[in-house]
Amino acid sequence: MGKITTIFSELGVFFKDNAEKSAIRSIMDVQKDIRVTDKMIGLTKHGNCKMTAFQVLTLLLLFPFFGIAGASHYADSVLGRLFSCKKDMFYSFLSDERIRWRNLLTCVSRQLLKRKDAAVSNTKSTSPICLVVDDTDEPKTGWKMEMIGKIWSHVDHRRKLGFKCLTLLLTDGKTQTFLNFSLHGEKGKDESKSQGLTAKQRAARHSEEHTTECSKERVEDYWKKKTDKLQEMVRKAVRDGFSFDYLLVDSWFTNTSLVKFALSFRKHTFHLLGMMKMAGTNFKTRFGDICPRSIVAKLKAEQKKGKVKNIKANKTLHCQWCTIDATLGGKPVRLFFCKRGRKGEWNCLLTTDMTMDFLKAYRTYQMRWATEVAYHDCKQLLGLGKCQSVSFNAQIAATTITFMQYNILSIVKRFHSYETIGALFNHAVSGTVEFSITDKIWQVLLRTLFAIAEKFSIYCPDLLTAIINEDEDIKALLNLNVNLKPTG
């Protein structure tokens, strides 16, 4: 296999341009235009290798669309018959510490976004471009995994085995693109059971020597505070040339340090918009240094005295709201408070954009939920967190590949009439089902013919030729099988 296009040109024979195959063809067309060299990946092709590093990556990206659950299932798949190689090749690639997965994700994301921007250059969008920071659980079942430990799940409200995945996602309201991520662990409050594990459990975990710079960085990230890593990733996104209007975060990340960080950029202007806890942080206001809960009480008391109407109603959103300008850490911020119903709880939004009104703040912050939808699609469709390799490098690799697959799906969805990523994925997979089933039918038929020939001492090629000459359907299956001969 000389060029990466060989993979797509050979596959293209089976997916003609019709409605049933349009989804998988569109995915392959987008993936085919991605340009990544082995040098960018961090590996060079050896003379005895069948495939380049990028060809291996290309096949890994195609796995879910051909119903391949993992490398161990590759040999029995249609892709395995077309592009013959052993599962060990994939395992070695995924666990190779030299691969620069962070740079690779950035490179692929940039190319996909350029493709999107070129296609919509004449279309004006009213929605701002937002960079969303959030984290999600990657639960695991293997106690022998490198650096594995227990994390606190805010969804299940309990500790469970796994990693915390901190992500950076860019969205314009229509297209979501993962730009960066890091895997983290939690030591826990009990020092005698670090990470929620006993000393014996920690000692039994797999251990590797991390010698390359990128591998060492992943290990360092594992123990960093997510609030600190957030700033590193945003700074890198700005340095890599990604532009956005707002940085959206939830109440776990909004603090004084992040406000100062958002206002520290001179050449790149963006604003912070984040949920704020109602207690714990004091703001300097005209009422003095008080927390958000006390600010609401002061605004209500001021309105009760008839001085000013602070609490307003928004008929569009069916809620009550109020706002006040304040100072946090010496930096000007605007606070929005909102609640639904008489017995509803007040929520607080903070922004460094002093020109923003409540309706825009509310609608812009809603874009943060795009990351929750993306997490759901990645876990349900693409197997995010399902990797059970003991190698931490392989865990990083598997998560990167999942985010690349999602980014490709997101770009395809943008320009085709699919309501959701799930609908696009299901359509793509259905386009490969017939391909896979036909190949399996042929294999069963061949084994049956060989058994019959051996039973009655008949020369099998003669028997096969006689049957093919009598049946057009069998002849069609033979034509498919000729194309499916292993390339190795």
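This is a predicted model, so every value here is computed, not measured. Because only heavy atoms are used, hydrogens play no part in the values below, and waters and symmetry mates are left out as well, while side chains stay in. Numbering starts at 1 and runs along the sequence shown.
Looking at Y91, its side chain never comes within 3.5 Å of a backbone N or O of S389 through a donor-acceptor pair. For the pair N282 (side chain) and C291 (backbone), a donor-acceptor distance under 3.5 Å is present. Side chain of S410 to main chain of Q176: a donor-acceptor pair is present (N/O by atom type, distance under 3.5 Å, no hydrogens or angles). Formation of a donor-acceptor pair under 3.5 Å by the T177 side chain with backbone atoms of N407 is not found in this model.
With hydrogens and angles left out, the side-chain atoms of R205 and Q195 include a donor and acceptor closer than 3.5 Å.
Within 6.0 Å of NZ in K160 there are more than 12 heavy atoms belonging to other residues, nucleotides or ligands.
Classification of K193 and D190 as a salt-bridged pair fails, no side-chain N sitting under 4.0 Å from a carboxylate O.
Taking the ring centroids of W223 and H184, they lie at or beyond the 6.0 Å cut-off. Note: F265 and F270 meet the aromatic proximity criterion, with ring centroids under 6.0 Å apart. Separation of the Y74 and F90 ring centroids falls under the 6.0 Å cut-off.
Taking 4.5 Å as the limit, every side-chain heavy atom of N310 sits out of range of all side-chain heavy atoms of I324.
The aromatic rings of F336 and F358 are tilted relative to each other, their planes meeting at an angle between 30° and 60°.
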